[in-house]
Amino acid sequence: MNDVTMPVSRARRLRDLLESNQLEFIMEAHNGLSARIIEEAGFAGIWASGLALSAAFGVRDSNEASWTQVLEAVEFMADATTVPILLDGDTGYGNFNNLRRLVTKLESRGVAGVCIEDKLFPKTNSFIDGERQALADVDEFCGKIRAGKDAQRDPDFCIVARVEALIAGWSVEEALERAKAYHAAGADAILIHDKAPRFDNIQRFADAWDQRCPLVIVPTKYYSTPTDVFRSAGISLAIWANHSIRASVTAMQRTAREVHDNQSVAGIEDRIAPVSEIFRLQGDDELRDAERRYTGSDVPIHAVVLAAARGAGLESVTEARPKAMLKIGGKPLLRRLVDVFKQQGIHDITAVAGYRADTIDVPGVRVVENRDYEHTGELASLGHARDHFSEDNIVLYGDLVFRRHVLTDLLEASGDIVVVVDSDAANDGASDGDTLRDPAWCSAPDDRSLFAQRVTLTHVGADHAPDTRPCGRWIGLMRARGAGRARIAEAIETLQVDGSYARAGIPELLNTLIAAGARVDVVYITGHWLDVNDLDDLRAAGDFAHGDTP
Ligand code: SPV
Ligand code: MG
């Protein structure tokens, strides 16, 4: 024997529920979603109810859904869950041979057991004209049970024989005779069903049964009976057989009526599950993880757009909106950025708003607000997006316009902290006499070779700048991932301690990182981008965007 513990099969777990020495409970589900909800609620098993399955299909509980349609639905339920499922197999959808085939198929789809009832195909729900329902011949039903037991491959697969004698108006004695025969034929448990509002007949049945094999009940009509009564009667398993579908019908009817009458969903929004809850129940997280594993993008990238500024040189056009919402070539700047990100498969985007935050309205963007934007810097704005950081983050100014390859180059670069530096801009400041914004000093100038150089940033910004010529301009675009995140957190702490955090920009953060020994890698580009700082830039951005359109 080795120590590897084999996972306990679902069939085994259903058997354990039936054979445990306490009262256990399972609850109805009718599709993958409801099955998952039942499991999450804590139930150790699920009843795949014939009534609920057929109702969910919109047909009657009279074998109108074919057995393969039921099989397919229960397979979705098994896929969506880990707990055992007991299928309500009606009469077994035919004779002994049909049941054999059913058992084989259920086992192959991960269903733990089947319950068959001693009525005739096509069956009728037990609560509809029960007295008029014909019961199966006892010998024929016993043959069916034996055939099912012989067909199962897994010795733990359970066949529950359901006695409908009380439903059809027969005596407790008749029910007992039938149950004994079914038990002798190999049934793993007996479901004794009744439509009476009181538990009395089942109590008499249970007393006489005397624990020959596990007893299962469906307290739909005698629902007011205290659960302890079932316990003292020695019942093994109680099935809450139709309460999920009934609950959802009530909720859907109420909601549909209200939405119809109000011609609006505004009133119900807060009372229904958010779409994110549906995604969660569908297991969307697992798909995101799998995408990461199998499509090469290791970690989903999160983009933070710093969009709090009104724009100092743009007052005349930013009365009603922040700079990031200015239209370039018909599209707000922020919208252009979002489009570029989405093209690269980056869908998790946070914009940090400040000035006229209320006007930031771009689909696909999470907006967080830096209310104190007038008195704080970009670093504080970045701090407002902290809760949404992922393992891999792109941070950029909201007034950037760039060709797609600029982002591609950044995404392809290695390094935990990477900045994009335009080496062409090194000449700009020198030629026109302007002060170069965000000048960047690097470990080596851009050699413009086709082969990536490993260059690091040594300083950015005019403050405390080295006495040499900068190698270019940091364009306001960077990436921080993996261990780089922790380095950034440490640098932020340093800036908080020395009191410069609130006013600091991203260059101060980068310089603090460098001072602390962190490696900041550089991706050199040569032009093909601009930022919008005044009306001239705005015009230039319009032309640039024009050139952008194929
Ligand atoms: C079902 O849930 O489909 C059942 C139980 O068979 S009952 O509806 O009570 O007959
Ligand atoms: Mg049923």
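Whatever order the structure lists ligands and atoms in, that order sets their numbers, starting from 1.
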K.L.:
Would you tell me whether Q203 and D207 have side-chain atoms, one donor and one acceptor, within less than 3.5 Å of each other?
P.N.:
yes

K.L.:
So if I count the atoms of ligand 1 from 1 in the order they appear, which ones are less than 4.0 Å from some heavy atom of G50?
P.N.:
1 (C), 3 (O)

K.L.:
For T350 and R366, which I'm curious about, is there any donor-acceptor pair between the side chains at under 3.5 Å?
P.N.:
yes

K.L.:
Any N/O of V218 closer than 3.5 Å to an N/O of ligand 1?
P.N.:
no

K.L.:
Quick check: are there more than 12 heavy atoms from other residues, nucleotides or ligands sitting under 6.0 Å from CZ of R12?
P.N.:
yes

K.L.:
Within the 4.0 Å heavy-atom shell around L51, which atoms of ligand 1 are there?
P.N.:
1 (C), 3 (O), 8 (O)

K.L.:
Which protein non-hydrogen atom lies closest to atom 2 (O) of ligand 1, naming both residue and atom, and how far is it?
P.N.:
S49 OG, 2.7 Å

K.L.:
Looking only at heavy atoms of D88, does any of them come nearer than 4.0 Å to an atom of ligand 1?
P.N.:
yes

K.L.:
For Q133 and E131, does a side-chain donor sit closer than 3.5 Å to a side-chain acceptor?
P.N.:
no

K.L.:
Taking the six-membered ring where the residue is Trp, are the ring centres of Y182 and F141 under 6.0 Å apart?
P.N.:
yes

K.L.:
Report, as yes or no, whether the 6.0 Å neighbourhood of atom CZ on R198 holds more than 12 heavy atoms from other residues, nucleotides or ligands.
P.N.:
no

K.L.:
For A241, counting its heavy atoms only, list the atoms of ligand 1 lying under 4.0 Å from any of them.
P.N.:
2 (O)

K.L.:
Need the atom name: nearest N/O/S atom of D88 to the Mg ion (ligand 2).
P.N.:
OD2

K.L.:
Is there a nitrogen or oxygen of N242 sitting under 3.5 Å from a nitrogen or oxygen of ligand 1?
P.N.:
no

K.L.:
Could you tell me the residue and atom name of the protein heavy atom closest to atom 5 (C) of ligand 1, and the distance to it rounded to 0.1 Å?
P.N.:
R162 NH1, 3.8 Å

K.L.:
Nearest protein heavy-atom contact for atom 8 (O) of ligand 1: which residue, which atom, what distance?
P.N.:
N125 ND2, 3.1 Å

K.L.:
Out of E164, H193, H30, E117, indicate the one that has the non-hydrogen atom closest to atom 7 (S) of ligand 1.
P.N.:
H193

K.L.:
Are Y223 and H243, when compared by the centres of their aromatic rings, separated by less than 6.0 Å?
P.N.:
no

K.L.:
Can you list the ligand 1 atoms lying under 4.0 Å from a non-hydrogen atom of S126?
P.N.:
10 (O)

K.L.:
Decide if atom NZ of K327 counts as having more than 12 heavy atoms of other residues, nucleotides or ligands within a radius under 6.0 Å.
P.N.:
no

